[in-house]
J.: 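Just passing along the structure, written as structure tokens.
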Amino acid sequence: MDYKHTINLPQTDFPMKADLARREPDTLKRWEESQTYAKLREIAKGRPKFILQDGPPYANGAIHLGHAINKVLKDIVVKSRSMDGFDAPYVPGWDCHGLPIEHQIEKTRGKEVKALAPREFRQACREYAMSQINGQREDFKRLGVMGDWDRPYITMAPKYEAEQLRAFAQILRNGHVYKGLKPVHWCLDCRSALAEAEVEYEDKVSPALDVRFAVKDPQDLAKRFGVSALKSPASVIIWTTTPWTLPANQAVALGPEFRYSLVDTGSELLILASSLVEPVLKRAGVETSTRIAEVEGAKLEGLKLQHPFYERVVPVILGDHVTIEDGTGAVHTAPGHGVEDFEIGQKYKLEVYNPVGSDGRFVTGTPLFEGERVFDANKHVSEVLKERGTLLHETKLTHRYAHCWRHKTPVIYRATAQWFISMEQAGLRKGALREIAKVKWVPGWGENRIASMMAERPDWCISRQRVWGVPLPLFTHKATGELHPRTVELIEAVARLVEEGGIDAWFDLDPAELLSQEASEYEKVNDIMDVWFDSGSAHHCVPQMHEDVTAPADLYLEGSDQHRGWFHSSLLTSVAQHDRAPYKAVLTHGFTIDEKGRKMSKSLGNVVVPQKVIGTLGADVLRLWIAATDYANEMALSDEILKRVAESYRRIRNTARFLLGNLDGFDPATDKVPASEMVEVDRWAVWRTQQLQEEVIAAYRSYQFHLIYQKVHNFCSVDLGGFYLDITKDRVYTTGKKSLPRRSAQTAMFYIAEALVRWLAPILSFTAEEIWRYMPGARSESVFFNTWAELPREMTHQPSINWPAILNLRSAVARELEKLRNAGSIGAPLDAEVDLYLSSSSLLSVLQSFGEELRFVFITSAARVHPADTRPADAVAAEEAEGNGAWIVVKPTTSVKCVRCWHKRPDVGHDARHPELCGRCVTNVEGPGEQRRFT
RNA sequence: GGGUCUGUAGCUCAGUUGGUCAGAGCGCACCCCUGAUAAGGGUGAGGUCGGAGGUUCAAAUCCUCCCAGACCCA
């Protein structure tokens, strides 16, 4: 007789094969069609808010792995906060203005660009940015990121631009803005100032010159060095790799603490840092020399020097920025061409002299070099020095030098009129540092990092001489250069115009419209703002344009480079505007590297393309990798790592599938078993689930997603696959379909599935949604409409049975069974029977109470327990567990196999009607069914 | 060159304030099952905790230096 039909095998349509690449789009379509995100907003209405403010990606290019990580981490945060009972909206944004897009237009339109009017050029930029947004948006959605994709904030929206102007007005009113002359990175090709972020460092070959600055007053020098008369002319030697800045030289800086030597070469006297005398003389080819005297740099302050080719006398000054690692220990100082030079120049009231025009040529009237391009002038400078006898030595040097990130060409420092947000004049630095201390930084070292940047950083140059950006809507007086007295009001007027007509409204504006008869006295500023100001004012702009977003945000979440980027600019604008941080917490993640720890780059060929992963393994596998990786450090990805992740995905998926399969025929509304009637091990399973759930929730709250991955995966493999589901299979399969023992297991599995699907949802969003649809019982349309599973309290009490000890015994028995298996005595554990001899009386009595059910723990056909002292000589000692000895005897069983439950039992055939069945199968097939209390 | 970090088995990660802390899962090898089956179960082999010094009765855990890597800056 065939009893197979009496066995309750798992039954589910939930597919084992994920086929994510094909199936995920269906889920996306469902979310789209049923407006899942919008419905979630309705459902969450009234809950406490959790605002994650999106840092806008730049609207240029296809998304890469870094984007994917960032968006998925945000999505995990938002979804987990939602499941945690918050109203957690997600309004994505895009950063739209700025140089890279201008360049993109220049590149694609070619020469035609030059003919474009600025207005048309901006239109082209706008259209391009929009196309990029649309492309990126599809990719972000495909990752499973849920958000208000139909109403993102884009920084080129007229409303955003107008609000940005309002934010600026407030900052101006608060006294942070000034106009100044300052050396800024200047790209000769852009003809524009560059932000730090627009500069990158590349190797460059530069001339390296040692130049004489002759001492004007030899007697003064002699006195300072404490020597009598000097027999030869003396010079301070400076070392420079930018000879073209020598025309702008205003001083020579020495380190106050360093020692400087007066060295006689026979023909002349040189002044050099003592520790550098040797290398300098060596390269200059001086063979014999005598050190006459030595003093601290501080002693030489104010010494008068002759400029090497101009009729200009410059002083020796002191600066802590001077180093004696290379060069001569004497630094040529041109405040118009260097930040440190500028700063030290302020102190010594040096002139900020800049003879270089925006085109990178010396301006008309520059002696000797008028009209020459700066880098070309290097050679000329060197010739002039030679002629004047002021060149000690010349060579070439390869060093890291600032380059324009777009043009890849060397940039210069050039003093120009720019608009600044001052770090000091209205206490911005102080306020920012104070606010940094109030923010929670994850990981904690982020605080140190941004604080040290904030403490050091110079004033923020917010002006750009470009086209595609939000204007600095200012009028300056033609004679005095002062801002119009009603500037704040005027900006508001401009903001209203921009709100209607976008930024073109400003560029097209006739000043008379706002200034009427004053118009002729004022100049309309043509600069635009640094794009960092755009995104940096999102904390102000977004809440003004989207009702779901409020400020300050609960969290900003970006890559660790944003300590200098968006975290930084946002903090500055927010403190300047409101004197508070724009965020309560900041979370940063690392960058992607390959399995060898190297950064991903095209040249190394180790770049992982997210679209490709999604198209093969699926977004959920990529999401799982993101969750599984500790984002605090670098995040390594390679084919092997992806393979591992995909394998663990399958484990989790199959666990869910098995649970669903066993829930076949279970209706939670009618079939749930009360805790008091549940089988002990089922209650253990629910308890264990509850324990884990607490850990999972805690990990979500502390953003430790990789722990969730570890814990949940372990749960599936060890607790469920390796124990609970393994031993429960027998009961679910063989007891009556509607019997209490089976319903008890189903009740546990039901709660496990309810919990599991929710744990997974923020990470494996597609899979969780898929599982959700196969779960029994009435339920909402989407898993995301729910909060964490509530497990019945009476089921989650700590079990009185010492299950950990039983699990230990189980492992010990498994080791013994393995020996039999390897000896060929048994195959499956059901071929064996086991006798346990325990010294722990409590464990002994518990297991004795299990009675016939004990065998199910080991999945053996029989299992018995006895006091330790009755053990036979050949009993094998199990590994110690809490000082309690256990001895094991396993042997092949001699009983006959029941064809239905496959246990080998002595009572097989006792019932004449079912000659092939064991006793419990008989009762399960047509009797009242077996009882189970423990397993 | 400076700042901020990271470096535990092939992979991903645990290792509280220094004292069973050398762990887990995966992978791998071998075995079993064939009623979760392009599944499932079991056993086992893998690490001188990046390297070298030092502090300590005792260090993966503290200090110094070095090496490798990441981000930011110069």
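Just so we're on the same page: letters track the sequence lines, and every chain starts at 1. Note: hydrogens, waters and symmetry copies are ignored here, and every other heavy atom, side chains too, is used. In this text, all values refer to a predicted model and were calculated from it rather than measured experimentally.
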J.: On a whole-Å scale, what distance lies between the C1' atoms belonging to B/C67 and B/A58?
T.: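 Going atom to atom, C1' in each nucleotide, I get 28 Å.
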J.: Does A/Trp902 reach a base, just sugar-phosphate, or nothing at all? Heavy atoms under 4.0 Å.
T.: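 Base contact.
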J.: Which of the following nucleotides, B/G42, B/G35, B/U6, is nearest to the side chain of A/Lys4?
T.: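 Of the candidates, B/G35 comes closest.
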J.: Closest approach to the side chain of A/Asn448, judged atom by atom: which nucleotide of B/G35, B/U4, B/G41 is it?
T.: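 From the listed options, B/U4 comes nearest.
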J.: Picking from B/A36, B/A70, B/U43, which would you name as closest to the side chain of A/Phe591?
T.: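 Selected nucleotide (nearest to the side chain): B/A70.
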J.: Between B/A39, B/C71, B/U12, which nucleotide has the shortest distance from any of its atoms to the side chain of A/Arg650?
T.: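 Selected nucleotide: B/A39.
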J.: Taking atom types as modelled, find out whether A/Ser601 and A/Lys599 have a side-chain donor-acceptor pair closer than 3.5 angstrom.
T.: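 Side-chain D/A pair, A/Ser601 to A/Lys599: absent.
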J.: Using a 4.0 Å heavy-atom cut-off to protein, can you give one letter per nucleotide of nucleotides 27-32 of chain B, 5' to 3': B if the base is in contact, S if only the sugar-phosphate is, - if neither?
T.: S---SS
J.: For B/G46, does the O4'-C1'-N9-C4 (purine) or O4'-C1'-N1-C2 (pyrimidine) torsion place it in syn, i.e. within 90° of 0, or in anti?
T.: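 Syn.
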J.: From A/Gln562 CD over to A/Ser535 OG, what is the distance, rounded to the nearest 0.5 angstrom?
T.: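 It is 8.0 Å, given to the nearest 0.5 Å.
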J.: With rounding to the closest Å, how many angstrom separate the C1' atoms on B/U6 and B/A60?
T.: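 Per the computed distance, 15 Å lies between those C1' atoms.
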J.: May I ask you to list the residues of residues 721-730 of chain A, by number, that have any heavy atom positioned under 4.0 Å from an atom of RNA chain B?
T.: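 Here the set is A/Gly721, A/Gly722, A/Asp726, A/Lys729.
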J.: Could you tell me which residues satisfy side chain to side chain contact (heavy atoms under 4.5 Å, CB included) with A/Ser895, sequence neighbours excluded, listed by chain and number?
T.: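 So A/Ser895 forms a side chain to side chain contact (heavy atoms under 4.5 Å, CB included) with A/Thr893, A/Lys904, A/Pro906.
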J.: Which nucleotide sits closest to the side chain of A/Ala814: B/G42, B/A36, B/C5?
T.: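 Taking heavy atoms from C-beta onward, the closest nucleotide is B/G42.
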J.: Base, sugar-phosphate, or nothing: which does A/Val718 touch, judged by heavy atoms less than 4.0 Å apart?
T.: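 The residue A/Val718 makes sugar-phosphate contact but no base contact.
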J.: Which of these nucleotides, B/A39, B/G25, B/A70, is closest to any side-chain atom of A/Asn654?
T.: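 The answer is B/A39, which lies nearest to the side chain.
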J.: Within 45 degrees of the ring normal and closer than 6.0 Å to the centroid, is that where the cationic atom of A/Arg932 sits relative to A/Phe856?
T.: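 Yes, a cation-pi geometry.
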J.: Given B/U43, B/C71, B/A14, which nucleotide is nearest the side-chain atoms of A/Asp630?
T.: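 Looking only at side-chain atoms, A/Asp630 lies closest to B/A14.
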J.: Side chain of A/Arg657 only, please: which of B/U43, B/A36, B/G25 is the nearest?
T.: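 The closest nucleotide is B/A36.
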J.: Could you measure between the two P atoms, the one in B/G18 and the one in B/C63, and give it in whole Å?
T.: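 Each nucleotide's P atom is 11 Å from the other's.
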J.: In chain order, what residues pass the side chain to side chain contact (heavy atoms under 4.5 Å, CB included) check against A/Thr616, with sequence neighbours excluded?
T.: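 Residues passing side chain to side chain contact (heavy atoms under 4.5 Å, CB included) with A/Thr616: none at all.
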J.: Using a 4.0 Å heavy-atom cut-off, does A/Ile7 contact any base of the nucleic acid, only the sugar-phosphate backbone, or nothing at all?
T.: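 The answer is base, as A/Ile7 lies within the cut-off (heavy atoms under 4.0 Å) of a base atom.
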J.: Of the nucleotides B/C71, B/G35, B/A36, which has the atom closest to the A/Asp561 side chain?
T.: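 Among the listed nucleotides, the one closest to the side chain of A/Asp561 is B/C71.
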J.: Among pairs that include at least one residue of residues 629-643 of chain A, which meet salt bridge (Lys or Arg N to Asp or Glu O under 4.0 Å), considering only residues two or more places apart or in two chains?
T.: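 Only A/Glu640-A/Arg644 qualify under salt bridge (Lys or Arg N to Asp or Glu O under 4.0 Å).
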J.: What interatomic distance, in whole Å, is found between P of B/A74 and the corresponding atom of B/A14?
T.: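 Between the two P atoms, the distance is 33 Å.
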J.: Tell me which pairs pass salt bridge (Lys or Arg N to Asp or Glu O under 4.0 Å) where either residue lies in residues 649-663 of chain A, with sequence neighbours left out.
T.: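 Applying salt bridge (Lys or Arg N to Asp or Glu O under 4.0 Å) to every pair that reaches into residues 649-663 of chain A, excluding sequence neighbours, yields A/Arg653-A/Glu770.
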J.: If you only use heavy atoms from C-beta on, which nucleotide in B/A70, B/U6, B/G25 is closest to the side chain of A/Asn633?
T.: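 Of the candidates, B/U6 comes closest.
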